[in-house]
Amino acid sequence: MALALDFTAPFEPGIFDFLAARAVPGVEEADGASYARTVRLPRGHGWFRVYWDGSALWLEQELEDPDDAAELLRRVRHLLNLDHDPQAADAALGANPLLASRVASLPGMRLPGCVDPAEILIRALVGQQITVAAARTALGQLVALSSPSRLPRDTMTHFFPTPAEIAVRGREILRGPQRRIDTIMAVAGMLADGSLLIDANDTEESLAAKLLPIPGIGPWTVGYVAMRVLGSGDVFLPSDAAVRNGYGLLRGDTLAQARTIKAPELSRMAEELRPWRSYATLHLWRVSGEGVTP
């Protein structure tokens, strides 16, 4: 049986496209209206699928231990930002002349969360300075290190590798600049031995204090992790190429012109979008992905 998930309308289903573009083969399956994955829970293995039928959200699941149901539901709600009331964010962003038409056509945009904070940090590090497609390929290769699920479903046969699994054999798989590999391996080791812990109890400030001293981690990674792990609604990433391109395209620039925009200009533009800059970021990412003006 499927469980109907409650949320404050409207619901903009573009979050499924975001997750689908980043879905790791063997672990996740997704399309424009659904997302599914394997998941480790406190008492055992499981999988879930959440899908949008045009008016309602539905959750299907299979768990080794039924007592994990409440924890799974908590994670799914965080992943899809279901406790967010989009009306305040839409009203504020819709008052901005640059974003007004986008917000009107895409009301109820949600901030993608996560089901595992350590996983999101690893994924962010792998994806630094490469395309989403290239990151997905690299993450798919890491699945060779991971454990199989005792509840496989369709193509979802494995879990995302744990920090400990990456710390042991990650160098056999990871490719790219040595500095990035060193950072991933160092972070995986710290997560595995408990010397680094990130979770929903952190703040943006505590995340920065934990992550910025690690060589190879900068403000972009901290901001992205804050968005996905903490659900922070007021993060802006002025150094992000997709943010820059989306802003330029939205104001009518060519892509070549957009690429000349500097981070300080983006930061100044975003000041009036507080405290909803994360949601503005999602709109700019969407414009950049479409490659067109509204």
Side-chain angles (χ1 to χ4, degrees), residues 19 21-30 35-48 61-65 68 71-72 74-76 78-79 112-130 132-200 202 207 210-211 214-217 221-222 224-225 228-229:
L19 295 171
R22 294 158 177 80
V24 177
V27 177
E28 300 166 295
E29 294 179 354
Y35 173 80
R37 67 167 292 156
T38 57
V39 61
R40 290 185 185 87
L41 293 159
R43 297 171 178 84
H45 293 188
W47 64 265
F48 72 86
Q61 63 190 41
E62 183 179 4
L63 304 174
E64 282 189 317
D65 190 324
D68 277 326
E71 173 61 15
L72 176 63
R74 183 194 68 78
R75 296 190 195 188
V76 170
H78 177 68
L79 174 70
C114 69
V115 298
D116 183 277
E119 175 184 319
I120 283 296
L121 177 53
I122 294 293
R123 292 173 76 136
L125 294 174
V126 171
Q128 286 185 141
Q129 300 181 329
I130 60 176
V132 170
R136 184 180 184 221
T137 297
L139 292 165
Q141 292 167 345
L142 280 177
V143 174
L145 307 178
S146 69
S147 306
S149 171
R150 293 190 294 268
L151 292 177
R153 174 77 172 187
D154 300 327
T155 66
M156 301 181 298
T157 58
H158 285 68
F159 296 112
F160 190 85
T162 65
E165 289 168 335
I166 295 171
V168 172
R169 295 182 52 210
R171 287 193 188 275
E172 300 174 17
I173 304 292
L174 291 166
R175 299 292 181 268
Q178 189 61 50
R179 185 184 183 198
R180 184 166 70 224
I181 294 172
D182 291 342
T183 299
I184 296 167
M185 293 300 296
V187 168
M190 295 169 68
L191 291 167
D193 68 20
S195 59
L196 174 63
L197 173 66
I198 62 169
D199 59 29
D202 274 302
L207 271 182
K210 291 176 181 180
L211 298 180
I214 301 173
I217 294 185
T221 300
V222 175
Y224 184 80
V225 171
R228 299 291 306 271
V229 171

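Side-chain atoms are counted along with the backbone in the values below, which use heavy atoms only and exclude waters and symmetry mates.
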Does any part of the side chain of Leu125, heavy atoms only, come nearer than 4.5 Å to the side chain of Val187, both counted from C-beta? yes
Give me the one residue out of Leu207, Val222, Ile184, Thr221 that meets side-chain contact (heavy atoms from CB on, under 4.5 Å) with Leu121. Thr221
Residues Gly113 and Ile120: closest non-hydrogen pair is O-CD1, 4.4 Å
Mind checking what makes side chain to side chain donor-acceptor pair (under 3.5 Å) contact with Gln141, not counting sequence neighbours? none
Smallest separation among heavy atoms of Met156 and Glu29, with atom names: CG-CG, 3.8 Å
Closest non-hydrogen contact found for Pro25 with Val143 is O-CG2, 3.9 Å
Salt-bridge criterion met for Asp116 and Arg75 (N-O under 4.0 Å): no
Counting only heavy atoms not in Glu64 (residues, nucleotides, ligands), do more than 12 fall under 6.0 Å from its CD? yes
Which word best sums up how the rings of Phe159 and His45 line up, parallel for under 30°, tilted for 30 to 60°, or perpendicular for over 60°? perpendicular
Minimum-distance pair of heavy atoms, taken over all atoms of Ile166 and Leu145: CA-CD1, 4.2 Å
Looking only at non-hydrogen atoms, find the nearest pair between Gly44 and Asp68 and report the distance. N-OD2, 3.3 Å
What is the distance from atom CG of Leu79 to atom CG of Leu19, rounded to the nearest 0.5 Å? 5.5 Å
Gap between atom NE2 of His158 and atom OG of Ser146 - 0.5 Å precision: 5.0 Å
What's the spacing between Ser195 OG and Lys210 NZ if we round to 0.5 Å? 11.0 Å
Would you say that Thr38 contacts Phe48 through its side chain, given a criterion of any heavy-atom pair below 4.5 Å between the two side chains? no
Which value, rounded to the nearest 0.5 Å, describes the distance between Trp47 atom CH2 and Leu63 atom CG? 9.5 Å
Short side-chain to backbone donor-acceptor contact, Thr183 and Pro215, under 3.5 Å: yes
Should Ile214 and Met190 count as side-chain neighbours, where that means a heavy-atom distance under 4.5 Å? yes
Would the number of heavy atoms belonging to other residues, nucleotides or ligands and lying under 6.0 Å from CZ of Arg179 be above 12? no
Check: Leu191 and Thr162 side chains under 4.5 Å, non-hydrogen atoms: no
Is a side-chain N or O of Glu28 found less than 3.5 angstrom from the main chain of Ala36, in a donor-acceptor match? no
If the threshold is 4.0 Å, N to carboxylate O, is there a salt bridge linking Glu119 and Arg37? yes
So do Pro148 and Thr157 actually touch side chain to side chain, heavy atoms under 4.5 Å? no
Spatial distance of atom CZ (Arg136) from atom CZ (Arg123) [nearest 0.5 Å]: 10.0 Å
Looking only at heavy atoms, what is the nearest atom pair of Ala138 and Val126, with distance? CB-CG1, 3.8 Å
Interatomic spacing from CZ in Arg40 to OG in Ser147 - rounded to 0.5 Å: 5.0 Å
Looking at Arg153 and Leu151, would you say the former's side chain and the latter's main chain have a donor-acceptor pair under 3.5 Å? no
Only counting residues at least two apart or in another chain, list the ones meeting salt bridge (charged side-chain N to carboxylate O under 4.0 Å, His left out) with Arg74. Glu71
